[in-house]
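To start, the structure under review is shown below, and the notes come after it.
Residue numbers count from 1 along this sequence. These numbers come from a predicted model, not from an experiment.
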Amino acid sequence: MQQREEKQLEASVDLLISRVAHLKNALNNFIYKLENEFERLAWPSVLDNFALVSGQLNTINKLLRNEKTPSFRNQVIIPLELSPDRDDELAKLTEQRVPVFSHEIVPDHLRTKPDPEVEEMEKQLSAEAARLGPEAAQKQIQTLNKLCSNLLEKLNNPREDRDPESSAIRQSKPSFNPTDTLALVGAVAFGKGLSKCRPPGPGAPGQGPMMGGGPTLQQVTIGGASGQPGKMPSSIKTNIKSASGSMHPYNR
């Protein structure tokens, strides 16, 4: 029975060491990014690293609370040998963090209680909590809950809801000029506001007024060999006749 418990304890310790190693690597990578890549480090990447570390911590807690995991609190570590000399095997196991296992560092590494400063702070906090009455404590709890609720509500609501004045200004501000729009519609549909082109005088040669006082067109003349306007040369007539006759088989 005792041998079985020892094997189970050894397997649990190995598994715990493996999980802690994964957590240590994640922390080292995150610290390296914070120290060397802080200029181009985006906030989503920071959140991903925090989520990774948090997930690994939860895995370790589940492992410690597992029924098959023996209670490590019942295990006692006793130093069998202390030496002021350097221990290479110990330095290798601890990644050069503990090169010597001496009387000076044993109280720090085998401590089962917090540091004296931390114990003193805990005592002060416990004394203040004991002096605080139940009614005062309940009021402080309600105040803290109210502040947290207001903060969560502001974070969950969109920006327009948090800034109603700017939202109302953006909604009431028109994106067009109604006067210009009506003038443009009237000009396109009814010609309202457009300037009328006056025809030239009656003495202008080769030009005549169009309907409704609009712009005029100038007559185009083709000069022949004799220089008379309006007379088409015979060669051009022959070419046009032959081209028009070849356009359709029945037009001959």
Side-chain angles (χ1 to χ4, degrees), residues 1-38 41-132 134 137-138 140-141 144-145 148-149 152:
M1 185 67 178
Q2 185 177 1
Q3 187 177 3
R4 180 182 177 182
E5 291 179 356
E6 291 178 357
K7 290 183 178 181
Q8 188 176 5
L9 177 61
E10 185 178 356
S12 300
V13 171
D14 293 338
L15 183 59
L16 183 60
I17 291 174
S18 175
R19 297 295 183 184
V20 172
H22 288 299
L23 177 61
K24 184 189 68 174
N25 292 332
L27 289 173
N28 288 335
N29 294 332
F30 187 33
I31 292 173
Y32 178 81
K33 290 180 180 179
L34 292 177
E35 293 179 350
N36 300 282
E37 302 178 2
F38 60 92
L41 190 62
W43 181 245
S45 179
V46 175
L47 294 180
D48 292 340
N49 285 273
F50 270 115
L52 179 61
V53 173
S54 178
Q56 291 177 349
L57 287 174
N58 290 331
T59 303
I60 293 176
N61 290 330
K62 291 180 180 179
L63 177 63
L64 294 175
R65 290 194 295 265
N66 194 358
E67 296 178 356
K68 296 182 180 179
T69 302
S71 179
F72 292 102
R73 296 187 180 186
N74 298 331
Q75 308 298 325
V76 181
I77 300 177
I78 300 176
L80 300 178
E81 182 181 357
L82 300 177
S83 175
D85 299 331
R86 177 181 174 85
D87 189 350
D88 294 335
E89 185 67 21
L90 179 62
K92 182 179 179 180
L93 291 174
T94 58
E95 298 180 354
Q96 307 299 325
R97 290 194 300 270
V98 186
V100 178
F101 202 64
S102 61
H103 295 78
E104 184 179 358
I105 65 172
V106 164
D108 294 332
H109 288 274
L110 300 184
R111 180 186 297 275
T112 57
K113 292 183 178 181
D115 294 336
E117 294 83 2
V118 178
E119 288 184 347
E120 186 65 25
M121 292 178 62
E122 288 185 352
K123 289 181 180 179
Q124 293 178 2
L125 292 175
S126 300
E128 292 179 2
R131 289 195 301 268
L132 189 64
Q138 189 64 28
Q140 292 185 3
I141 292 173
L144 179 61
N145 291 335
C148 294
S149 299
L152 289 174

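For the atom pair CG of L27 and CG of L57, the computed distance is 7.5 Å after rounding to the nearest 0.5 Å. Separation of atoms CD (E117) and CD (E120) is listed at 9.5 Å; rounding is to 0.5 Å. Taking CD1 of I105 as the start and CZ of R97 as the end, the distance is 12.0 Å to the nearest 0.5 Å. Rounded to the nearest 0.5 Å, atoms CG (N49) and CG (L41) are 7.0 Å apart. Atoms CG and CZ, from N61 and R19 in turn, are 12.5 Å apart once rounded to the nearest 0.5 Å. For the atom pair Q56 CD and L52 CG, the distance stands at 4.5 Å (nearest 0.5 Å).
Residues L23 and V53 come closest through the heavy atom pair CD1-CG1, 3.8 Å. Scanning all heavy atoms of the two residues, the minimum distance from T94 to V98 falls at OG1-N, 3.1 Å. Across all their heavy atoms, L82 and P79 have their closest contact at CD2-CB, 3.9 Å. Annotation for P99 and A91: closest pair CA-CB, 4.0 Å, computed over non-hydrogen atoms.
Counting non-hydrogen atoms of other residues, nucleotides and ligands closer than 6.0 Å to CD of E10 gives a total of 12 or fewer. Counting heavy-atom neighbours within 6.0 Å of L152 CG, excluding the residue itself, gives a total above 12.
Considering only heavy atoms from C-beta on, D87 stays 4.5 Å or farther from F101 through its side chain. Inter-residue side-chain proximity for L132 and Q140 is flagged as met; some heavy-atom pair is nearer than 4.5 Å. You'll find the side chain of E104 stays beyond 4.5 Å of the side chain of V100, heavy atoms only.
No donor-acceptor pair under 3.5 Å is formed between the side chain of S12 and the backbone N or O of T69. At least one donor-acceptor pair under 3.5 Å links the side chain of N58 to the backbone N or O of S54. Checked by atom type and distance alone, the side chain of Q8 pairs as donor or acceptor with a backbone atom of K68 at under 3.5 Å.
Sorted by first and then second residue, the ring-ring contact (aromatic ring centres under 6.0 Å, His included) pairs with a member in residues 46-95 read F30-F50; sequence neighbours excluded.
Taking a cutoff of 4.0 Å between a charged side-chain nitrogen and a carboxylate oxygen, E122 and K113 do not qualify as a salt bridge.
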Query - Audit row: D108, D115, side chain to side chain contact (heavy atoms under 4.5 Å, CB included) steps and yes/no - result: CA-CA 9 Å; D108 294 332; D115 294 336; 5.6 Å; no
